[in-house]
Amino acid sequence: MTDGCIRALVEAIHSSPTQAVLHLSGGASQALGMLMSVPGASNTVLECLIPYSRMSMIQLLGKVPNQFVSRQTAEEMALVAYNRALKISKPGSPVLGVGFTGSLATSRPKLGDHRFHLSTRTSNRLWISTVTLAKGLRNREQEERVSSHVLLKAIADACKVPETFVSELTEDEVPDECEEHFDENQELEQLLSGKICFKVYPFSTGMPTSDTERKIILSGSFNPLHEGHVKLLEVAASIFGDGYPCFELSAVNADKPPLTVSQIKDRVEQFEKIGKTVIISNQPYFYKKAELFPGSAFVIGACTVVRLINPKYYGGDYEKMVETLAGCKRAGTVFLVGGRIIDGVFKVLEDFEIPEELRDMFIPIPPERFRIDISSTEIRKNKGI
């Protein structure tokens with residue numbers, strides 16, 4: 001490809017709504033320069049990691065791969081990148097994980113093939129390709145250029161960008177490609193199994209006015225969703241200001257069996273009807289949610305505060321409770337607390353003794369701004385469910 005064609009392709013990638021995390025090892029380094037040198041790179045590139053050393057790759061994948069340069073490793077790198085992109089992207093944006101691992105020409109002759117493996121992962125598609133290069137045809141810089149062009153084409157395809165890619169591969173260097181598509185049920189099964197960390201249903205009609213990735217999250221079981229949930233999130237967002245308000249449903253419960261795919265879809269339908277974004281996660285505990293949604297503001301009721309600051313839920317260890325919540329604080333977590341009736345008495349944040357080192361994590365929602373004494377449990381009782 002000419003420099004003009006490369007620039008046009010990268011401009012088209014940056015104009016798409018897709019946000020990407022790239023994990024590259026052993027090649028395609030020129031692609032980063034191509035992506036970053038064209039204005040608008042921040043629209044596309046969330047993060048790029050180059051796990052070049054053996055230990056870096058092991059830490060990235062959380063295990064020792066069977067082979068460091070293989071299709072499986074490229075696929076696993078792309079999946080890790082996809083989950084990372086979910087965590088740090090703007091809510092509702094389509095995200096892309098890219099994995100590349102290669103064994104290209106070096107300063108000394110290689111016994112094996114010069115090859116690279118590339119994988120892209122989106123919400124509904126996994127694509128993998130292997131290219132074996134003609135040995136001795138190109139030097140390292142030229143192999144870097146070829147692999148970088150193939151990588152850019154793969155990113156463009158994943159971003160659904162039309163492109164007229166002119167390959168520099170020879171007739172004998174035919175990519176070995178395969179792809180797999182997922183429907184909604186399969187994606188939710190992957191979530192329940194822990195393969196992906198969450199799924200976003202971006203039903204809200206508008207994105208936040210500020211350019212922020214920070215989320216204002218109301219977590220719950222929403223069985224059923226009611227006006228109290230909607231009003232609470234609206235008031236919390238007006239108080240906190242900077243952030244994207246959304247609901248979060250954990251498909252995994254600490255005390256009950258996981259939700260089924262059918263149950264998840266039924267509850268999601270409630271949010272679609274009212275046009276509100278909901279995230280389906282697999283983490284029931286707030287300290288895990290803090291890792292999943294770094295820098296977020298969680299909207300909770302006073303009844304949840306009772307559990308958060310009770311050492312009983314931390315094995316009876318007060319210091320463990322403080323350290324766990326301090327970890328949430330370090331992740332940028334804050335809690336917006338609305339009043340709730342507890343044992344027949346309306347309680348607000350000020351009614352609880354919050355450890356001094358954690359107090360600035362908790363922000364009260366004044367009762368004059370929000371008080372709706374309704375719960376999903378009462379609704380189910382009234383309906384005889």
Side-chain angles (χ1 to χ4, degrees), residues 13-21 42-47 79 81-97 120-126 158-161 181-192 195-222 224-225 229-234 236-238 240-251 259 261-283 289 292-299:
I13 290 171
H14 291 341
S15 296
S16 79
T18 300
Q19 297 189 297
V21 168
S42 61
N43 296 334
T44 302
V45 181
L46 294 169
E47 183 176 87
L79 181 60
Y82 175 75
N83 279 309
R84 176 66 174 162
L86 283 174
K87 294 178 183 180
I88 62 176
S89 62
K90 294 177 183 177
S93 297
V95 299
L96 166 65
T120 59
R121 167 68 199 243
T122 62
S123 64
N124 62 359
R125 177 178 178 257
L126 169 67
C159 293
K160 300 178 181 178
V161 169
H181 291 267
F182 315 113
D183 60 22
E184 182 184 8
N185 287 1
Q186 290 171 316
E187 194 177 0
L188 291 174
E189 290 287 359
Q190 291 175 7
L191 184 145
L192 288 168
K195 190 171 186 178
I196 62 174
C197 58
F198 61 81
K199 174 174 173 57
V200 181
Y201 288 89
F203 295 135
S204 298
T205 53
M207 293 295 286
T209 53
S210 60
D211 185 22
T212 180
E213 293 85 19
R214 188 162 193 169
K215 303 173 183 69
I216 303 172
I217 301 173
L218 175 57
S219 300
S221 58
F222 308 112
L225 174 69
H229 294 133
V230 177
K231 181 64 175 176
L232 177 57
L233 184 57
E234 289 176 354
S238 69
F240 193 70
D242 183 30
Y244 181 83
C246 51
F247 296 90
E248 183 254 338
L249 165 67
S250 177
L259 298 178
V261 168
S262 177
Q263 288 173 321
I264 294 171
K265 293 173 74 172
D266 286 344
R267 296 191 195 183
V268 166
E269 189 176 350
Q270 301 175 106
F271 297 93
E272 185 175 18
K273 288 179 179 178
I274 64 171
K276 299 295 182 182
T277 291
V278 61
I279 301 171
I280 312 301
S281 82
N282 52 20
Q283 294 296 346
K289 295 181 193 292
L292 204 57
F293 309 110
S296 293
F298 290 96
V299 185

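Just so we're clear, the structure is a prediction, and the values are computed from it rather than from any experiment.
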Between CD1 of Ile13 and NZ of Lys160, what distance do you get to the nearest 0.5 Å? 15.0 Å
Looking only at heavy atoms, what is the nearest atom pair of Gln19 and Ser89, with distance? OE1-CB, 3.3 Å
Which atom pair, heavy atoms only, marks the closest approach of Gly295 to Arg214? O-NE, 2.6 Å
Step by step, would you call Gln190 with Lys199 a side chain to side chain contact (heavy atoms under 4.5 Å, CB included)? CA-CA 10 Å; Gln190 291 175 7; Lys199 174 174 173 57; over 6 Å; no
Can you sort out the partners of Glu272 under side-chain contact (heavy atoms from CB on, under 4.5 Å), two or more places apart, ordered by chain and number? Phe203
Aromatic ring centroids of His229 and Phe222 under 6.0 Å? yes
Mind checking the NZ-CG spacing from Lys231 to Leu218? Nearest 0.5 Å is all I need. 14.0 Å
Could you tell me whether the side chain of Val21 reaches within less than 4.5 Å of the side chain of Tyr82, counting heavy atoms only? no
Apply side-chain contact (heavy atoms from CB on, under 4.5 Å) to Asn83 and list each qualifying residue two or more places apart in sequence or on a separate chain. Leu79, Leu86, Ile196, Cys197
Are the side chains of Val278 and Leu225 in touch, meaning some heavy atoms are under 4.5 Å apart? no
Are there over 12 heavy-atom neighbours, none belonging to Lys276, within less than 6.0 Å of that residue's NZ? no
Applying ring pair (Phe, Tyr, Trp, His ring centres under 6.0 Å) to Phe198 and not counting sequence neighbours gives Phe293
Less than 4.5 Å apart, side chain to side chain, heavy atoms only: is that true for Phe247 and Phe271? yes
Surrounding NZ of Lys87 (heavy atoms of other residues, nucleotides or ligands, distance under 6.0 Å), is the total greater than 12? yes
Side chain to side chain contact (heavy atoms under 4.5 Å, CB included) assessment of Arg84 paired with Leu46: CA-CA 9 Å; Arg84 176 66 174 162; Leu46 294 169; over 6 Å; no
Closest approach of Ser204 and Tyr244, non-hydrogen atoms and distance? CB-OH, 3.5 Å
Inter-residue atom distance Thr18.OG1 - Asn43.CG, 0.5 Å rounding: 11.0 Å
Point-to-point distance, once rounded to the nearest 0.5 Å, from OG of Ser296 to CZ of Phe240: 9.0 Å
Validation row: Glu248, Cys246 side chains within 4.5 angstrom (heavy atoms): no
Would you give the length of the straight line joining atom CG of Leu191 to atom CD1 of Ile264, rounded to the nearest 0.5 angstrom? 6.5 Å
Shortest non-hydrogen contact from Leu96 toward Cys159: CD2-SG, 4.4 Å
Partner set under side-chain contact (heavy atoms from CB on, under 4.5 Å) for Asn124, not counting sequence neighbours: Thr122
For Arg267, what residues pass the side-chain contact (heavy atoms from CB on, under 4.5 Å) criterion, not counting sequence neighbours? Ser221, Asn223, Leu249, Leu259, Gln270
Sorted by chain and number, sequence neighbours left out, ring pair (Phe, Tyr, Trp, His ring centres under 6.0 Å) with Phe298 holds for Phe286
Nearest 0.5 Å please: distance from the OG atom of Ser93 over to the CD1 atom of Ile88. 11.5 Å
